[in-house]
There are 2 protein chains.
Amino acid sequence: MNAVFKALSDPTRRHVLELLRDRPMTAGELADHFPVSKPTMSTHFAVLREANLVDAQKLGKTVIYRLKLSVLEDALLGFVGAFSAVAQAAKPADDAASVANSAPKSAGRPTS
Amino acid sequence: MNAVFKALSDPTRRHVLELLRDRPMTAGELADHFPVSKPTMSTHFAVLREANLVDAQKLGKTVIYRLKLSVLEDALLGFVGAFSAVAQAAKPADDAASVANSAPKSAGRPTS
DNA sequence: ATGATGTTTAGCTAAACGTCGAAATGAAGT
DNA sequence: ACTTCATTTCGACGTTTAGCTAAACATCAT
């Protein structure tokens with residue numbers, strides 16, 4: 001969870017996630033939106049990958065990045081949910097309408 | 001909003017907020033929960049103040065810190081809400097219930 | 001093989017961060 | 001006024017982070 005907040009603490013990375021909200025995009029396509037070098041973008045991608053916030057799928061000669069909404073929701077709603085009942089109500093836990101993926105709830109890293 | 005995510009990117013500060021969730025506490029009382037020096041804690045408090053996540057009230061020779069739940073909710077739910085409808089449902093927005101609050105939070109653009 | 005698309009490494013600068021001890025501030029209490 | 005307690009401010013230090021260029025590397029398409 002620490003990794004998620006760390007990843008979210010940078011405006012560029014948050015913006016990447018917002019771009020990914022609409023549709024999956026390739027690394028180059030994403031990089032075109034920012035005035036930084038490709039190595040720099042690549043490290044940003046790596047941080048997002050390590051936080052498990054995006055999924056990188058290599059397709060041909062491009063890499064497609066895809067937002068992992070459930071992880072974002074889990075971390076942020078989970079955190080706010082510990083504070084407010086309002087937010088707790090927004091964390092469906094086992095609501096089928098949430099997302100169609102097999103949510104890797106507690107699958108991953110201990111978040112350092 | 002950047003300040004909020006920046007403040008949240010540190011585990012110590014997140015832990016401070018969690019302690020404040022239960023009850024307001026003085027600076028020293030909070031500091032006793034962490035194995036760092038008081039000056040260090042003081043800077044953490046300053047970051048939280050700048051992010052508007054806590055309220056500092058000076059009472060006598062102590063300072064009482066108080067969680068500003070609405071700001072936390074607004075930032076985090078607002079951000080997640082831009083991604084998921086589920087989270088959006090948890091954000092009561094500017095309903096009549098929150099009119100008493102004088103915070104003009106201009107909910108809109110999360111664009112960094 | 002060549003070219004395009006990322007990623008990685010190396011080496012660097014500059015800024016930000018967390019941390020500290022020591023000093024300064026502010027409010028009581030004596 | 002002086003002391004004491006609580007907290008913040010002030011340098012200083014080492015680490016981390018974001019950024020760059022340049023080059024190397026892997027993979028795939030043509």
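Chain letters run A, B, ... following the sequence lines, proteins first, then strands; residues in each count from 1. Heavy atoms only: backbone and side chains are in, while hydrogens, waters and symmetry mates are out.
- For Ser37(A), the listed nucleotide lying nearest its side chain is dT21(D); candidates were dG21(C), dT7(C), dT21(D).
- Relative orientation of the Phe79(B) and Phe5(B) rings is perpendicular, given thresholds of 30° and 60° on the angle between their planes.
- Out of dT7(C), dT9(D), dA27(C), the shortest distance to the side chain of Lys58(B) is found at dA27(C).
- Using a 4.0 Å heavy-atom distance criterion, Thr62(A) is classed as a sugar-phosphate-only contact.
- Among dG19(D), dG26(C), dT21(D), the nucleotide with an atom closest to any side-chain atom of Lys61(B) is dG26(C).
- Taking atom CE of Met41(B) as the reference point, atom C1' of dG18(C) lies 12 Å away to the nearest angstrom.
- Nearest to the side-chain atoms of Asp10(B) among the listed nucleotides dG18(C), dT7(C), dT19(C) stands dG18(C).
- A sub-4.0 Å separation between OP1 or OP2 of dG6(C) and a side-chain N or O of Arg49(A) is absent.
- In this structure, Lys6(A) reaches the dT17(D) phosphate: one of its side-chain N or O atoms is under 4.0 Å from OP1 or OP2.
- Distance Asn2(B) CG to dA18(D) P: 12 Å, rounded to the nearest Å.
- One atom, CZ of Phe45(A), and another, P of dG19(D), lie 12 Å apart when rounded to the nearest Å.
- Donor-acceptor pairing under 3.5 Å is lacking for the side chains of Thr40(A) and Thr43(A).
- In this model, the phosphate group of dT17(D) is not approached by any side-chain N or O of Thr43(A) to a distance below 4.0 Å at OP1 or OP2.
- The phosphate of dT7(C) (OP1 or OP2) has a side-chain N or O of Tyr65(A) nearer than 4.0 angstrom.
- The nearest whole Å value for the distance from the CD atom in Gln57(A) to the P atom in dG6(C) is 13 Å.
- Distances were taken from every side-chain heavy atom of Thr40(B) (C-beta onward) to each of dA6(D), dT19(C), dT7(C); the shortest belongs to dT19(C).
- In this structure, Pro11(B) reaches neither bases nor backbone, as no heavy-atom distance under 4.0 Å exists between it and the strands shown.
- Contact check, His44(B) against dT19(C): a side-chain N or O comes under 4.0 Å of OP1 or OP2.
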